**Q** 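One structure, as structure tokens, below. Some questions next.
We use all heavy atoms of the structure for the numbers below, so side chains are in, but hydrogens, waters and symmetry mates are not. Proteins come first, then strands; the chains are lettered A, B, ... in the order of their sequence lines, and each starts at number 1. Since this is a predicted model, take the numbers as computed values, not measurements.
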Amino acid sequence: MTTDDNATLTPADRPYWMGVLARAPAAALETAWAGVAPGPAWHLLRAPECGLVMVQGRAGGNGQPFNLGEMTATRCSVQLADGTVGHGYVAGRDRRKAELAALFDALLQGPAGPGLMASLIAPLAAQAAAARTETSRAAAATRVDFLGLVRSR
Amino acid sequence: MYVALKGGEQAIDNAHAWLAEERRGDPSVPALSATQIAGQLGLAVDRVMAEGALHDRELAALAIRQARGDLIEAIFLVRAYRTTLPRFGTAQPVDTAAMALQRRVSATFKDIPGGQILGPTFDYTHRLLDFAAAADPSPAPRAAEPLPAAMPRVLDLMGAEGLIETPPAAAGDAVADLTREPLDFPAGRDLRLQALARGDEGFLLALGYSTQRGYGSTHPFAGEIRIGTVAVEFVPPELGFAVALGDIDLTECEMVNQFKGSAMAPPQFTRGYGLVFGHGERKAMAMALVDRALRAAELGETVKGPAQDVEFVLSHCDNVQATGFVEHLKLPHYVDFQSELELVRRLRRAAAATLAAEREAAE
């Protein structure tokens, strides 16, 4: 990751924050948007649109690709007054969430980026990681301990 | 005789009004919400997503409610809905080795890195009806530590020894897509796996079972079953880099099958593969059995069971197609039947006349 301007995040960070925004609860993005003051001037380049993305698997997990089935997804593109374009691509059919994801994607590319990274993206990523860890701990509790059986004989 | 059929509009309207009333059930009982179905009938939702070939929990739950719990009808609704949406493109193939696991078991190796993880399974339950199940359960135990970040696929470990075939790499060709091109033969493995992934669970279960009972036996072992969450990454053309759209639940099954070897390949184990949306272990296992059976010709085995017959399996595994053709029989066939009736009458008259003529000749 390289940066020639300490005031902004680098393009390399963009897939990361877009992924975090896509996985975030819509309500969390709505709350965060309400907290953006003053709200920037922006307009829609592409209104929120629901569609499909084909999901692929691979034979044997790592062989020939095949089409598994589609998933719903929603996309939206916005432009800020300074010309910055933001894109939102999120699973599901929540148009408002795609719009908010696009708005934050635009803001994150500008001078507000580092601040938003700390105040929005980092906590959202931490929440997602915590949920993942919680599920993983439940799974780990169902691990079969064969050694215990052998010792008890 | 051509009979113009009109009418019945009022009867149809009234039938649908009654259907809506039946769907709702006793109005003194609270109505089911789609959220309740998505949360509490999760495996029904998963089946509708898998066979509807559309991953969207809310839509599947809505479809199940509208279909009064008739899952094939719900799958039909979902398939119809998807035709109304544009396709943005194709995601990158999911990486199941990086799956955030809820369950992972192997019937071939006891000691696998990361261990045998049972997950939320029906296995080892006593199948006794639990009349107290309405009560909220206490939270399931949590281990102090999560699972290791990396849990390699079991068969990848075996592949290192050369005892098992490595899946042929991508052919480089375009991936076949049943939703764009009608089914055609010969069908490559990509097309077969797509058809099986959206195929009817009951049909594939019976076919998989038939291979175990000797109709194209493949001596299978469940090499690995894993259930969990994977990221779906998509490259929007306007961005040119991959972004995660979100995470989806998948069930993957790899069957390991004995193979005596051929002129082309040494004796080794071969593989059958199953992958489905959601939690669908029975379906994934059946799919893996049938996938392997369908490779008979490729591996130089004699095709002697229905499960090994590509055309038979792929032409009949789709339950929306099957139900369409079977159920169309109940629609008015008055004219067709009238002509058959005329034909049978004529044949009977001819047969009677022939018989009479023969008797006359014999006398």
Side-chain angles (χ1 to χ4, degrees), chain A residues 11-12 14-23 45-46 49-75 77 85 87-94 101 105 128 132-147, chain B residues 50 53-56 59 82 85-91 93-94 96-97 100-103 110-111 115-119 140-143 145-147 153 155 167-171 175 177 189-190 193-194 197-198 232 234 236 238-239 241-248 252 254 271 273 275 277:
Chain A
R14 201 169 169 203
Y16 171 72
W17 77 58
M18 288 186 77
V20 173
L21 291 169
R23 291 177 170 102
L45 281 183
R46 178 166 60 196
E49 179 190 18
C50 293
L52 302 168
V53 170
M54 179 56 93
V55 180
Q56 292 192 335
R58 286 181 180 279
N62 51 9
Q64 185 182 4
F66 67 95
N67 288 312
L68 176 65
E70 289 157 321
M71 65 188 282
T72 54
T74 304
R75 65 182 175 190
S77 302
V85 173
H87 297 290
Y89 271 88
V90 302
R93 288 165 296 113
D94 189 334
D105 176 49
R132 214 175 162 93
T133 301
E134 179 73 2
T135 304
S136 191
R137 285 176 53 220
T142 68
R143 182 179 0 228
V144 181
D145 185 2
F146 287 111
L147 287 173
Chain B
L54 181 64
H55 193 288
D56 188 314
L59 283 180
R82 74 157 280 284
L85 295 176
R87 189 189 283 180
F88 296 158
T90 300
V94 291
T96 53
L101 293 171
Q102 294 179 30
R103 171 168 168 83
K110 178 166 68 70
D111 297 311
Q116 309 267 354
I117 313 296
L118 299 183
R142 302 288 194 270
E145 291 298 319
L147 296 172
R153 272 191 303 265
L155 298 200
V175 180
D177 189 355
R189 197 169 177 203
D190 50 348
L193 286 170
Q194 183 184 16
R198 53 196 263 136
V232 178
F234 176 64
E238 65 272 32
L239 287 174
F241 56 82
V243 294
L245 301 174
D247 301 310
I248 60 172
E252 181 185 54
E254 290 227 68
R271 310 157 71 147
Y273 189 66
L275 185 68
F277 283 150

**Q** Against chain B, work out which of A/V90, A/V85, A/L68 has the most heavy-atom pairs shorter than 4.5 Å and name it.
**A** A/L68
**Q** With side chains defined as the heavy atoms from C-beta onward, is the minimum distance between B/I117 and B/R103 less than 4.5 Å?
**A** no
**Q** Assess the residue pair B/E238 and A/R46 against the criterion (salt bridge (Lys or Arg N to Asp or Glu O under 4.0 Å)); give the C-alpha distance rounded to whole Å, side-chain angles, the decisive distance to 0.1 Å, and a yes or no.
**A** CA-CA 12 Å; B/E238 65 272 32; A/R46 178 166 60 196; 2.7 Å; yes
**Q** Pick from B/G246, B/P93, B/A244: which one has the most heavy-atom pairs with chain A under 4.5 Å?
**A** B/P93
**Q** Who among A/S77, A/A91, A/G92, A/G19 has the most heavy-atom pairs with chain B under 4.5 Å?
**A** A/A91
**Q** With chain B, which of A/A22, A/P15, A/A101, A/A128 has the greatest number of heavy-atom pairs at distances under 4.5 Å?
**A** A/P15
**Q** Under a 4.5 Å heavy-atom cut-off, does chain A meet the side chain of B/R153, its backbone, both or neither?
**A** side chain
**Q** As an exercise: rank B/R142, B/E252, B/Q194, B/E145 by heavy-atom pairs under 4.5 Å with chain A and give me the winner.
**A** B/R142
**Q** Heavy-atom pairs under 4.5 Å with chain A - which of B/D56, B/V94, B/L275 has more of them than the others?
**A** B/D56
**Q** Anything under 30° is parallel, anything over 60° is perpendicular, the rest tilted; go ahead and classify B/F234 against A/Y89.
**A** tilted
**Q** Only pairs of heavy atoms separated by less than 4.5 Å count here; which of A/G88, A/A73, A/G57, A/C50 has the most with chain B?
**A** A/C50
**Q** Do A/V55 and B/H55 have side-chain heavy atoms sitting under 4.5 Å apart?
**A** no
**Q** Just to verify, what does B/A91 make a side-chain contact (heavy atoms from CB on, under 4.5 Å) with, not counting sequence neighbours?
**A** A/V53, B/V232
**Q** Of the backbone (N, CA, C, O) and the side chain (C-beta and beyond), which part of B/I248 lies under 4.5 Å from a heavy atom of chain A, both, or neither?
**A** side chain
**Q** Give me the atom names and distance for the closest heavy-atom approach of B/P146 to A/T133.
**A** CG-CG2, 4.0 Å
**Q** Identify which part of B/E254 has an atom lying under 4.5 Å from any heavy atom of chain A, answering side chain, backbone, both or neither.
**A** side chain
**Q** Under 4.5 Å from any heavy atom of chain A, what part of B/Q102 do you find: side chain, backbone, both or neither?
**A** both
**Q** Heavy-atom pairs under 4.5 Å with chain A - which of B/F88, B/F241, B/Y273 has more of them than the others?
**A** B/F88
**Q** Counting only non-hydrogen atoms closer than 4.5 Å, does B/A242 touch chain A with its backbone (N, CA, C, O), its side chain (CB onward), both, or neither?
**A** backbone
**Q** Side chains of A/M18 and B/L239: closer than 4.5 Å at any heavy-atom pair?
**A** yes
**Q** With sequence neighbours left out, write down each residue that passes side-chain contact (heavy atoms from CB on, under 4.5 Å) with A/R132, or none if nothing qualifies.
**A** B/A100, B/D247
**Q** So which residue, B/A97, B/G119, B/A197, B/G115, ends up with the most heavy-atom pairs under 4.5 Å with chain A?
**A** B/G119
**Q** Given a strict heavy-atom distance threshold of 4.5 Å, which part of B/R198 is in contact with chain A: side chain, backbone, both, or neither?
**A** neither
**Q** Kindly indicate whether the side chain of B/L118, heavy atoms from C-beta on, has any atom under 4.5 Å from the side chain of A/V144.
**A** yes
**Q** Does the side chain of A/L52 reach to within under 4.5 Å of the side chain of A/T72, using non-hydrogen atoms?
**A** yes
**Q** Only pairs of heavy atoms separated by less than 4.5 Å count here; which of B/L101, B/L147, B/T96 has the most with chain A?
**A** B/L147
